[in-house]
Trainee: 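Could you have a look at this structure, given as structure tokens, before my questions?
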Amino acid sequence: MSDTEADFRQRVEELVRQIPKGRVMTYGQLAALCGNARAARIVGGIAHFGDPSLPWQRVVNKQGGLASGYPGGRAGHKQVLEAEGIAVTDDYYVNIASLLWRPDDRQEKSSPQITLL
DNA sequence: CGAGTGACCGCAA
DNA sequence: ATTGCGGCCACTC
């Protein structure tokens, strides 16, 4: 397997990179889309050692709660998410029910202009 | 090369 | 309903 092998982390990073602004994804979903639904923890590990330039801030757990190891703590994470246009509760929870984004969701169809970053 | 850990998830009492 | 525990895979030292 050398054609589309692309290390697990590379695929995850690619997906995270494609997460549009104002949307969030769950670690489990990223892992599942990557092929290993049980590798949810790995996604978190990659988030810590992967490319810090990626919008890991848009990646939250299945409960919609912010991660704990984010630089600056959940407080900083909350600030960044709010800056992205995502509403965060005082308990550091986001409404994934409305903000959960899927790779097959064509948000560009309804958004003529994409303002990423 | 081996062992430990982790930004999680799911299930059991 | 809440709390606690284990498991799983990949990454790092």
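What's counted below: heavy atoms across the whole structure, side chains too, no hydrogens, waters or symmetry copies. Naming convention: chains lettered A, B, ... in sequence-line order (proteins, then strands); numbering from 1 in each chain.
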Trainee: Can you check the A/F8 CZ to C/dA10 P distance for me, whole Å?
Mentor: 7 Å

Trainee: If you go through the side-chain atoms of A/R38, does one of them form a donor-acceptor pair with the base of C/dC8 closer than 3.5 Å?
Mentor: no

Trainee: Mark yes or no for whether A/R58, through its side chain, and A/I19, through its backbone, hold a donor-acceptor pair below 3.5 Å.
Mentor: yes

Trainee: To the nearest Å, give me how far apart NE2 (A/H48) and P (C/dC13) are.
Mentor: 9 Å

Trainee: Between B/dA7, B/dC9, C/dC11, which nucleotide gets closest to the side-chain atoms of A/N61?
Mentor: B/dC9

Trainee: With distance as the sole criterion, do the side chain of A/Y27 and the base of B/dA7 form a donor-acceptor contact below 3.5 Å?
Mentor: yes

Trainee: Does A/R9 pair with A/D7 as a salt bridge, N-O distance under 4.0 Å?
Mentor: no

Trainee: Grab the CD1-C1' distance between A/I19 and B/dA7 for me, whole Å please.
Mentor: 13 Å

Trainee: Does C/dA10 have its OP1 or OP2 closer than 4.0 Å to a side-chain nitrogen or oxygen of A/N36?
Mentor: yes

Trainee: To the nearest Å, give me how far apart CZ (A/F49) and P (B/dC8) are.
Mentor: 14 Å

Trainee: Mind calculating the distance between CG (A/D7) and P (C/dA10) to the nearest angstrom?
Mentor: 10 Å

Trainee: Between the side chain of A/E13 and the main-chain N/O of A/G50, is any donor-acceptor distance below 3.5 Å?
Mentor: no

Trainee: Grab the CD1-P distance between A/I46 and C/dA10 for me, whole Å please.
Mentor: 9 Å

Trainee: Considering only B/dA7, B/dC9, C/dC11, which nucleotide approaches the side chain of A/T26 most closely?
Mentor: B/dC9

Trainee: How long is the line joining CG of A/L30 and P of B/dC9, in whole Å?
Mentor: 10 Å

Trainee: Using a heavy-atom cut-off of 4.0 Å across all strands, would you classify A/A40 as base, sugar-phosphate, or nothing?
Mentor: sugar-phosphate

Trainee: So, is A/R41 close to the B/dG10 phosphate, meaning a side-chain N or O under 4.0 Å from OP1 or OP2?
Mentor: no

Trainee: Quick one: A/D91 CG to C/dT2 P, roughly how many Å, whole number?
Mentor: 12 Å

Trainee: Side-chain heavy atoms under 4.5 angstrom apart, residues restricted to Ile, Leu, Val, Met, Phe, Trp, Tyr: same cluster for A/I86 and A/V60?
Mentor: yes

Trainee: If you round to the nearest 0.5 Å, how far is OH of A/Y92 from CG of A/L81?
Mentor: 11.5 Å

